[in-house]
Amino acid sequence: MLGATGATLAQPADDRLLPADQHTSDKARTLAQRHVRGLRALNAGIYHCIPWVEVRQHSIGFFRPRGVTQDDRFLAIRLYIEQDTSPEFGKLSLEDRASAMFSRYVGAMLRRMNAADATLISDPLLDGYSVVLEWRKQGARGSSGDRPIHETIAAFMPKSLVADFLAGRLPVGTLADTARVLAWDGERAIGQLRVTAWDDNFVSTFKVANYQLDPGISCG
Amino acid sequence: MSSHRLSVLLLGGVLLAATGCATGEEWATWKSHGAHFASAKHMGFSLRNTEGGTPRVTRTDVALARDEAWWGKPITVGQEQILER
């Protein structure tokens, strides 16, 4: 996904990764230590090759889905997606916006997570994957009028499901049908959403106009 | 149920259908929307910095343009509401 040659490269902020010692269980700390190189590669790949998204601080790590009582550990990432104002997108229902964003980014992120570290999927300590996506809600401002509101979805998928998806045995539509997807409107929890998904190659085909990769960087 | 109440319900259903569902045209437009990025601002930035030369945008330019176009601290869900460390 990302190739680099030469010594002088612009680097993404290292604080996108949750440090191993800030995970709260031995299992999570072990995962974080074992896969730190892959997670750094994941962060760097997104930074250089998908510059219109921003990885949130301390959002790459081995987290436990909130409310789960046992120590299930999911490799998670949280992205803010910057996009033009689109009347068509704004008119969609929340379910349809969530479906569109799931289609566009979840599969692409799962592929990147595993391309960055091929040993990840076979790690017996890993239980699943989570991709959290947020975007600006068009035309909406907070009560004081000066703060934008974000919509957020969090997709949780067990490892076995992701393995089937990555191996081509499971279409993205079935992945979406089976994933647990939660949504928020600003800070307000919406609850579980049912999303539909389709193949969308936007992430691998869209190019920012006149964007020039830093010397020594290539995106496959 | 009176005919008046029935009419109100029917009208409400029609309005809900009209506003809550994406038309095929809306979907097609969004899906094919190539300029799915705050490209205008970034393009302006790149042109300012490459006057007379080949326009180009580096990763650093993107970060600077994003800072310039900062919309304010967003209202969004805290990560601790989604994931536990």
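Values reported hereafter were calculated over all heavy atoms of this structure, with side chains retained and with hydrogens, waters and symmetry mates removed. Chain letters run A, B, ... following the sequence lines, proteins first, then strands; residues in each count from 1.
Under the 3.5 Å distance criterion, with hydrogens and angles disregarded, a donor-acceptor pair is assigned to the side chains of W135(A) and E151(A). Under 3.5 Å, the side chains of Q22(A) and R85(B) contain a donor-acceptor pair of N or O atoms. In this structure, a donor-acceptor pair under 3.5 Å is present between the side chains of T58(B) and D61(B).
Between F63(A) and H23(A), the ring planes are tilted. Angles from 30° to 60° get that label.
Only the side chain of E134(A) comes within less than 4.5 Å of a heavy atom in chain B; its backbone stays farther off. Both the backbone and the side chain of R64(A) come within contact range of chain B, with heavy atoms under 4.5 Å apart. In this structure, chain B has no heavy atom under 4.5 Å from any part of F74(A). Neither the backbone nor the side chain of T205(A) comes within contact range of chain B; no heavy atom of the residue lies under 4.5 Å from a heavy atom of that chain. Contact annotation for L18(A): only side-chain heavy atoms (C-beta onward) come within less than 4.5 Å of a heavy atom of chain B. When heavy atoms are compared at a cutoff of 4.5 Å, E80(B) approaches chain A solely by way of its backbone atoms N, CA, C and O.
Taking the centre and axis of the six-membered ring of F62(A), the NZ or CZ atom of R73(A) falls outside the cone set by 45° and 6.0 Å.
A salt bridge is defined here as a Lys NZ or Arg NE, NH1 or NH2 lying under 4.0 Å from an Asp or Glu carboxylate O, and D71(A) with K27(A) fails to meet this definition.
With chain B as partner, the option from R188(A), R56(A), R66(A), H58(A) having the largest number of non-hydrogen pairs under 4.5 angstrom is R66(A). Ranked by heavy-atom pairs shorter than 4.5 Å toward chain B, the options A189(A), S59(A), A28(A) are led by S59(A).
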